[in-house]
J.: 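If you scroll down you'll find the structure; I have some questions about it.
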Amino acid sequence: MERLRRWIQVLWFFLSNGYWAFPVSGTLYQGPLKVLCSPGLNCYSCPAATTFCPVGSLQQLLLGVRLSLQAGQVYVGTYVLGCMGLLGATFGRLICGWACPFGLVQELFHRVPSPKVAVPRPLSWGKYLVLLLLVVVLPLTVLDDFGLGLPWFCKFLCPAGTLEAGIPMLLLMPDLRPAAGLLYLYKLGLLALVLLWSIAAFRPFCRALCPLGAFYGLFNRISLIQLKFNADNCTKCGACHRVCPVGIRVDQSPNSGECIRCLRCCTEACQFDALSLEIAGHALRTTPAPADESVRQTGRS
Amino acid sequence: MDRKNGVHAIRRSAGRLRKTPLVLLLLFLLLFLAGIGLDEPARVLEQARSICLSCIGIG
C-alpha cells in the first residue's frame with residue numbers, strides 16, 4: 001500500500017506540474033487548466049504548474065477584496081473556498097497523504113538516513129494560526145496606501161513557492177535576478193530549514209505550518225472518507241500507534257485532524273480488523289493478515 | 001488474504017451514510033457555483049497566469 005501511495009503521489013506531482021515546455025516557452029503555463037484547483041499545496045507560479053494553488057488564490061482575492069468591491073466585482077473567494085471545501089468534505093487530509101507535491105518532497109527528504117525526531121505536539125496548532133492569521137486576517141486588514149493587502153503566507157512563509165517557483169523562475173528569467181534581494185535569501189534559508197527538518201522529522205511543514213493541511217484537517221472527523229475504529233476487535237496491542245508516522249493514537253482518535261490517511265495502521269499494523277477505511281458509509285477493510293484465534297488471544301492478553 | 005503473496009484483502013460492508021458530509025458538500029457546492037456565477041474563475045485564471053513575485057521572494 002505504501003508503494004501504491006508513493007506512485008499516486010508521484011502521479012499527482014506530475015499532474016499538478018505537467019507543463020514541461022517551459023524551458024522552450026521561457027514562461028509559466030498560461031492555459032485554461034489553470035482555472036482548476038490544485039488539491040495539494042503547489043505554487044501556481046511554478047513554471048510547470050497546470051492548476052492554481054488554493055491558498056495563493058484565496059489570499060490574492062482577499063487582499064484585493066476592497067478594490068474589487070469598489071469596482072463592482074464580488075471577488076470574495078467563494079469559488080476558491082468552494083473548491084477547497086468540496087475537496088475537504090470529500091477527502092479530508094487524505095489529499096495531504098496522497099496528492100500533495102510538497103508533502104512528497106518532504107517524505108523523500110525523510111528517507112535520508114539520519115537520527116529521527118518527533119514533531120512536538122503543541123506545534124500542530126501552528127498551522128491553524130497560519131491559516132487564520134497569514135492567509136485570512138492579515139491580507140484582509142494590513143493594507144497599503146492603495147487599499148491592497150499582502151499575500152503574507154506566500155511572501156513570508158511558503159517554502160513550496162520558493163522551491164517550485166522561486167528557484168526555477170530565477171533560472172528561467174535572468175531579468176528577475178537583480179530584483180532578488182534579502183527577502184529571496186530569507187525564503188531560501190527558510191526552505192533549507194524546512195528541508196533539513198524534513199530529514200529528521202516526518203513532514204514537519206505539513207504538521208506544524210501548512211494552512212491547507214489545517215483547512216483539510218478541520219474536515220477529517222466529518223469527511224466522506226474516514227477511518228472507522230471497531231473497539232470490539234481492538235486488542236490494545238498498540239501496533240497502529242507504533243506504525244503511525246504522525247504519532248496518532250489511532251485507537252483513541254482515528255479521525256484526528258493530524259491524520260494524513262497514509263493507511264499504514266490499516267494495511268501494515270492492525271491484524272484484528274479493528275481499523276477500516278470508510279467511504280460514504282461503506283467500509284473498505286485493508287488488513288495485513290487475518291489473525292488466527294491464538295494470535296488474537298495473545299494480543300488480548 | 002494471503003500474506004506470503006503480499007495480497008491485501010479488501011472486504012466491503014454496507015454502512016449508514018452520514019448526513020454531515022453531504023450537507024457540507026451541498027454548502028460548498030453552492031459556494032462553488034456562486035463563485036462561478038460571480039465570474040470569479042476568470043479572476044483566478046488571470047492571477048494564476050501571471051507570476052506571483054511575492055511567492056518567489058521578489059516584491
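In what follows, chains are A, B, ... by sequence order, proteins preceding strands, each numbered from 1. Predicted model only: the values in this text are computed from it and were never measured.
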J.: Given a strict heavy-atom distance threshold of 4.5 Å, which part of A:Leu81 is in contact with chain B: side chain, backbone, both, or neither?
T.: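 Contact with chain B: backbone and side chain both.
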J.: Please classify the contact of A:Phe219 with chain B as side chain, backbone, both or neither, using a heavy-atom distance under 4.5 Å.
T.: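 Side chain of A:Phe219 only, per the 4.5 Å heavy-atom cut-off to chain B.
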J.: Atom CG of B:Leu22 and atom CG of A:Leu224: how far apart are they, to the nearest 0.5 Å?
T.: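 Interatomic distance, B:Leu22 CG to A:Leu224 CG, rounded to 0.5 Å: 6.0 Å.
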J.: To the nearest 0.5 Å, tell me how far A:Tyr75 OH sits from B:Glu46 CD.
T.: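 One finds 8.0 Å between OH of A:Tyr75 and CD of B:Glu46.
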J.: Based on non-hydrogen pairs under 4.5 Å, which of B:Ala42, B:Pro41, B:Gly35 is most in contact with chain A?
T.: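 So the answer, after comparing B:Ala42, B:Pro41, B:Gly35, is B:Pro41.
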J.: With chain B as the partner chain, list the residues of residues 59-72 of chain A whose heavy atoms fall under 4.5 Å from it, by residue number, and write 'none' if nothing qualifies.
T.: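 The residues closer than 4.5 Å to chain B, in numerical order, are A:Gln60, A:Leu61.
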J.: Under 3.5 Å, side chain of A:Lys187 to main-chain N/O of B:Gly57, donor-acceptor pair present?
T.: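 Between the backbone of B:Gly57 and the side chain of A:Lys187 there is no qualifying donor-acceptor contact (under 3.5 Å).
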J.: How long is the straight-line distance from OH of A:Tyr79 back to CD1 of B:Ile36, given to the nearest 0.5 Å?
T.: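 Atom-to-atom, B:Ile36:CD1 and A:Tyr79:OH are 6.0 Å apart.
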J.: Looking only at heavy atoms, which two atoms of A:Ala89 and B:Leu24 are closest? And how far apart?
T.: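 So the minimum-distance heavy-atom pair works out to CB-CB, 4.0 Å.
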J.: Minimum heavy-atom separation for B:Val44 to A:Ser57, with atom names?
T.: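 So the two residues come closest at CG1-OG, 3.9 Å.
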J.: Looking only at heavy atoms, what is the nearest atom pair of B:Leu45 and A:Pro32, with distance?
T.: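 Closest approach of B:Leu45 to A:Pro32, heavy atoms only: CD1-O, 4.1 Å.
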J.: Verify, without hydrogens or angle tests, whether A:Gln30 (side chain) and B:Ser50 (backbone) share a donor-acceptor contact under 3.5 angstrom.
T.: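 No, because the side chain of A:Gln30 does not come within donor-acceptor range (under 3.5 Å) of the backbone of B:Ser50.
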J.: Who pairs with B:Val23 by side-chain contact (heavy atoms from CB on, under 4.5 Å), at least two apart in sequence or on another chain?
T.: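 Here no residue qualifies.
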J.: Is the shortest heavy-atom distance from the side chain of B:Asp39 to the side chain of A:Val74 under 4.5 Å?
T.: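 No. Closest side-chain heavy atoms not under 4.5 Å.
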J.: Would you list the atom pairs, donor with acceptor, under 3.5 Å between side chains in residues 42-52 of chain A and any protein atom, with sequence neighbours excluded?
T.:
unit_1: A:Asn42; atom_1: OD1; unit_2: A:Asn17; atom_2: ND2; d: 2.9
unit_1: A:Asn42; atom_1: ND2; unit_2: A:Ser16; atom_2: O; d: 3.3
unit_1: A:Asn42; atom_1: ND2; unit_2: A:Asn17; atom_2: OD1; d: 3.1
unit_1: A:Ser45; atom_1: OG; unit_2: B:Cys52; atom_2: N; d: 2.7
unit_1: A:Thr50; atom_1: OG1; unit_2: A:Leu15; atom_2: O; d: 2.7
unit_1: A:Thr50; atom_1: OG1; unit_2: A:Ser16; atom_2: O; d: 3.2

J.: Would you tabulate the side-chain donor-acceptor contacts of residues 168-183 of chain A under 3.5 Å, counting partners in other chains and residues two or more places apart, or write 'none'?
T.:
unit_1: A:Arg177; atom_1: NE; unit_2: A:Leu170; atom_2: O; d: 2.8
unit_1: A:Arg177; atom_1: NH2; unit_2: A:Leu170; atom_2: O; d: 3.2
unit_1: A:Arg177; atom_1: NH2; unit_2: A:Leu171; atom_2: O; d: 3.1

J.: Given the options A:Gly161, A:Cys158, A:Cys154, which has more heavy-atom pairs under 4.5 Å with chain B than any of the others?
T.: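 Ranked by contacts with chain B, first place is A:Cys154.
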J.: Side chain, backbone, both or neither: which part of A:Gln73 has an atom under 4.5 Å from a heavy atom of chain B?
T.: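 Contact with chain B is absent: no heavy atom of A:Gln73 under 4.5 Å.
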J.: Find the distance between NZ (A:Lys155) and CG (B:Leu53) and round it off to the nearest 0.5 Å.
T.: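 Nearest 0.5 Å value for the NZ-CG distance: 10.0 Å.
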J.: Given side chains that start at C-beta, do those of B:Leu25 and A:Leu86 come closer than 4.5 Å, heavy atoms only?
T.: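 They are in contact (side-chain heavy atoms under 4.5 Å apart), so the answer is yes.
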